[in-house]
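We count ligands from 1, going down the list as the structure has it; atoms in each ligand are counted the same way. In this chain, numbering begins with 1 at the start of the sequence shown.
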Amino acid sequence: MIKEKILVIGASGQIGVELTLALRKIYGNASVVASDLREENELLKGTGPYVSLDVMNKEMLHVQVIRQNITQIYLLAAILSATGEKNPNLAWSLNMQSLLNVLDIAKEEKIHKVYWPSSIAVFGPTSPKKDCPQQTVIEPITVYGISKYAGEFWCNYYHQRWGLDVRSIRYPGLISYKSAPGGGTTDYAVEIFHEALEEKKYDCFLQEDTYLPMMYMPDAIKATLELMEAPAEKITIRTSYNISGMSFSPKEIAAEIKKHIPEFIISYKPDYRQQIANSWPQSIDDSVARKDWGWKEDFDLSAMTKDMLENL
Ligand code: NAD
Ligand code: AKB
């Protein structure tokens with residue numbers, strides 16, 4: 001059996017920390033190299049190798065891939081929806097160039113597998129709101145969504161043209177307690193827990209009835225590992241897979257938190273992120289992922305809320 005050596009780019013971010021730890025459990029600490037532009041996350045310290053790396057510097061990235069004998073790359077560096085609208089040029093440049101650098105090096109160095117996440121942000125106001133299907137009208141209105149949709153087609157292109165085994169998931173908004181979210185529209189669903197515990201109140205930047213697709217981090221990690229471990233012949237989607245966990249509104253998550261913290265109160269002050277949220281579907285049809293590689297979530301709103309409050 002070939003010994004895999006994995007490079008995680010963006011390892012200090014919300015997903016990167018937990019994914020790196022999960023990969024280290026499977027492949028061994030020394031076989032998973034964490035990397036990021038920012039400093040090593042506290043939770044990663046002492047658990048395995050870390051290199052400081054700017055994914056935009058293609059030469060440096062190439063050197064690391066060769067020097068570390070990398071066989072798989074997980075690319076997580078990106079600028080998310082809300083921050084992207086504040087600096088569209090930077091978001092486009094990072095989100096596209098990082099992917100093109102990785103795909104190019106992966107092709108040249110015959111990397112076995114590449115993972116790159118897309119997002120429900122690819123969908124726009126003309127996509128179906130409920131149970132949004134895998135293949136549908138896709139007209140994103142954020143620079144983040146545009147970059148993700150273009151990225152999906154680059155992944156598909158490298159697979160079709162060069163045979164690169166690149167795989168992807170369109171994550172919903174992710175909720176976690178280990179590492180903080182980084183500038184998304186769905187971040188309210190993490191902030192609300194911190195504020196509920198510390199202040200017993202939360203001023204939400206989305207309206208009470210804004211339903212969005214969401215997922216608890218353990219499910220997102222499970223989906224990522226399952227997709228990456230599935231036999232190649234099971235992967236029929238080489239753009240990016242829809243996956244679904246749960247769907248709720250700020251009012252509903254507040255009611256769930258209130259079951260544990262009765263004095264908790266929520267108020268609403270929608271800002272520019274409301275328009276982004278309004279453009280996305282409320283729920284996702286993930287039947288293709290279920291059929292192809294057996295996807296099934298473990299957490300619903302009530303199980304996730306209980307686990308978040310216990311762990312924070
Ligand atoms: P994050 O912002 O928390 O983490 C991204 C990490 O990338 C950060 O640690 C940052 O320092 C690093 N980074 C930025 N520029 C870099 C560079 N030039 N070189 C190296 N590292 C750099 O983001 P996240 O939430 O962990 O998201 C990871 C991926 O998952 C992204 O592609 C994102 O679009 C996607 N995604 C996330 C969510 C979510 O809810 N968190 C939902 C859908 C898709
Ligand atoms: C965001 O809100 O930008 C992310 C995402 C859904 O991609 N959480």
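- Annotation: Thr186 places an N or O atom under 3.5 Å from an N or O atom of ligand 2; distance criterion only.
- Neither the backbone nor the side chain of Trp116 comes within contact range of ligand 1; no heavy atom lies under 4.0 Å.
- Considering backbone and side-chain atoms alike, Ser119 places an N or O below 3.5 Å from some N or O of ligand 2.
- Residues Ile284 and Pro172 have side chains not in contact (no heavy-atom distance under 4.5 Å, counting atoms from C-beta outward).
- In Pro172, the part holding a heavy atom less than 4.0 Å from any atom of ligand 1 is the backbone.
- The closest protein non-hydrogen atom to atom 2 (O) of ligand 2 is Thr185 N, 2.7 Å.
- Contacts between Ala121 and ligand 1, counted as non-hydrogen atom pairs separated by less than 4.0 Å, are absent for every part of the residue.
- Taking distance alone, with nitrogen or oxygen atoms compared against 3.5 Å, Tyr171 stays at or beyond that limit from ligand 2.
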Before you tell me yes or no, could you show the steps for Glu310 and Lys306 under salt bridge (Lys or Arg N to Asp or Glu O under 4.0 Å), namely the whole-Å CA-CA distance, both residues' side-chain angles and the distance that decides it to 0.1 Å? CA-CA 6 Å; Glu310 275 169 14; Lys306 188 168 171 289; 3.1 Å; yes

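- Residue contacts with ligand 1, taken as heavy atom pairs separated by less than 4.0 Å, involve Leu80 solely via side-chain atoms from C-beta onward.
- Residue-ligand proximity, Ser81 to ligand 2, at heavy-atom distances under 4.0 Å covers atoms 1 (C), 2 (O), 3 (O).
- Residue Leu80 has at least one heavy-atom neighbour below 4.0 Å for each of these atoms of ligand 2: 3 (O), 4 (C).
- Electrostatic pairing of Glu42 and Lys178 does not count as a salt bridge here, judged by no charged N lying under 4.0 Å from a carboxylate O.
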